[in-house]
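These numbers were taken from a predicted model, which means no experiment stands behind them. The figures that follow rest on heavy atoms only: side chains count, while hydrogens, waters and symmetry mates do not. We name chains A, B, ... by the order of the sequence lines, and we start the count at 1 in each one.
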2 protein chains.
Amino acid sequence: MPNDTCHCILLRKASRKVSSYYDEALAPLGVNIGQFSLLRNINRLAPISLTDLAVQVELDRSTVGRNAKVLERMGLVAIGHGEDQREAMLTVAPQGHAILKQGAPLWDGVQDDIEARLGAEKTRQLQELLAAL
Amino acid sequence: MPNDTCHCILLRKASRKVSSYYDEALAPLGVNIGQFSLLRNINRLAPISLTDLAVQVELDRSTVGRNAKVLERMGLVAIGHGEDQREAMLTVAPQGHAILKQGAPLWDGVQDDIEARLGAEKTRQLQELLAAL
DNA sequence: GCATGGAGCGGGTATATACCCGCGGTTCGA
DNA sequence: TCGAACCGCGGGTATATACCCGCTCCATGC
């Protein structure tokens with residue numbers, strides 16, 4: 001069984017490659033696709049706790065916590081406290097809103113490029129397959 | 001544009017999830033899918049230098065070097081020197097061959113599960129799409 | 001009102017991954 | 001033959017990611 005048919009390895013390769021497309025497009029803003037996506041989610045759900053955000057984005061809580069801390073250092077996200085003193089409530093800082101606004105067209109560009117390259121039918125297939133895995 | 005249509009994020013999610021399937025299956029052997037796949041490649045191409053291996057698996061050389069070092073610590077891979085004193089030549093150690101043998105059916109199991117779940121046609125589509133990205 | 005169990009987080013540890021820099025070995029031209 | 005260009009690697013740094021442990025805070029039963 002040739003190694004280059006391993007679904008996992010192919011997925012990881014594709015994931016790295018496609019991530020780099022988005023990363024390059026967003027590079028002028030100083031954020032990568034993971035950070036931009038997390039920022040979008042925080043914006044969509046704010047104010048939200050680390051635990052809830054982790055559930056939403058399907059990542060480990062500690063991962064989201066560390067990633068959020070990077071965004072905080074960048075001044076894009078504010079980490080405050082909810083009524084429950086244990087909860088770290090996340091909101092998007094003004095600078096973060098600017099990044100969201102500037103990044104949207106860049107993100108759209110990559111997204112459109114990919115869909116143009118694949119075509120509508122295969123784009124649909126891709127979304128369906130990835131969801132089915 | 002809803003965030004959950006981002007091709008990149010969907011790919012990354014799928015990649016993490018599918019990786020965990022293989023990781024769980026290989027867990028009894030103490031290796032993850034990345035390590036198992038790298039071991040297979042080293043076995044297929046041995047003896048091979050870090051640089052050449054990195055090209056083959058489409059990863060950064062330093063990444064391959066660090067991953068190989070982990071395999072060496074585990075006693076699965078031997079890192080020697082070629083004629084060129086600069087080259088680190090990789091070969092599979094006896095213990096590594098044992099892992100390859102024991103891991104093969106476990107890997108096959110996950111691979112078959114996925115293909116059974118998707119069906120032949122969609123499996124083909126997936127391979128095609130991932131290669132096209 | 002207090003003890004106990006549970007929830008939310010931070011941080012430790014480990015791998016995965018990439019980029020960059022510096023060291024040392026090779027090679028080739030002058 | 002000897003220096004310059006070049007190549008292969010290791011290691012530093014940074015993010016991504018997960019699991020586990022321990023701390024703190026909260027809520028509930030007694």
- Message: Using whole Å, what does the distance between atom P of nucleotide dG10(D) and atom CD of Gln85(B) come to?
- Response: 13 Å
- From CD1 of Ile48(A) across to C1' of dC9(C) the rounded distance in Å is 15 Å
- Those residues that, when tested against Ser19(B), pass side chain to side chain donor-acceptor pair (under 3.5 Å) (two or more places apart): Arg12(A)
Which atom pairs link the protein and nucleotides 2-6 of chain C when you take only N or O atoms and keep those under 3.5 Å?
| residue | atom | partner | partner atom | Å |
| --- | --- | --- | --- | --- |
| dG6(C) | N2 | Arg86(A) | NH1 | 2.7 |

- Spacing of CE belonging to Met89(B) relative to CG belonging to Asp84(B), to within rounding of 0.5 Å: 9.5 Å
- Selection residues 54-67 of chain B - residue pairs positive for salt bridge (charged side-chain N to carboxylate O under 4.0 Å, His left out), sequence neighbours left out: Lys13(A)-Glu58(B)
- Message: Across nucleotides 11-16 of chain D, 5' to 3', mark each nucleotide with B, S or - according to how protein heavy atoms within less than 4.0 Å reach it.
- Response: BBB-SS
For residues 98-105 of chain B, which side-chain donor-acceptor pairs fall under 3.5 Å, sequence neighbours excluded?
| residue | atom | partner | partner atom | Å |
| --- | --- | --- | --- | --- |
| Gln102(B) | NE2 | Ala98(B) | O | 3.4 |

- Query: Which pairs, with at least one residue in residues 121-133 of chain B and sequence neighbours excluded, count as a salt bridge (charged side-chain N to carboxylate O under 4.0 Å, His left out)?
  - Reply: Lys122(A)-Glu128(B), Glu128(A)-Lys122(B), Glu121(B)-Arg124(B), Arg124(B)-Glu128(B)
- Message: Nearest whole Å is fine: how far is dG24(C) C1' from Glu87(B) CD?
- Response: 14 Å
- Any side-chain heavy atom of Tyr22(B) sitting closer than 4.5 Å to one from Ser37(B)? no
- Query: Side-chain N or O of Ser20(A) less than 4.0 angstrom from OP1 or OP2 on dA18(C)?
  - Reply: no
- Heavy atoms, side chains only, cut-off 4.5 Å: are Cys8(B) and Tyr21(A) in contact? no
- Whole-Å distance between dT27(C) P and Asp84(B) CG? 6 Å
- Whether Gln111(B) side chain and Thr5(A) backbone form a donor-acceptor pair below 3.5 Å: yes
- Taken to the nearest whole Å, OH/Tyr21(A) to P/dA18(C) is 14 Å
- Item | Between C1' of dG8(C) and CD1 of Ile79(A), the distance in whole Å | 14 Å
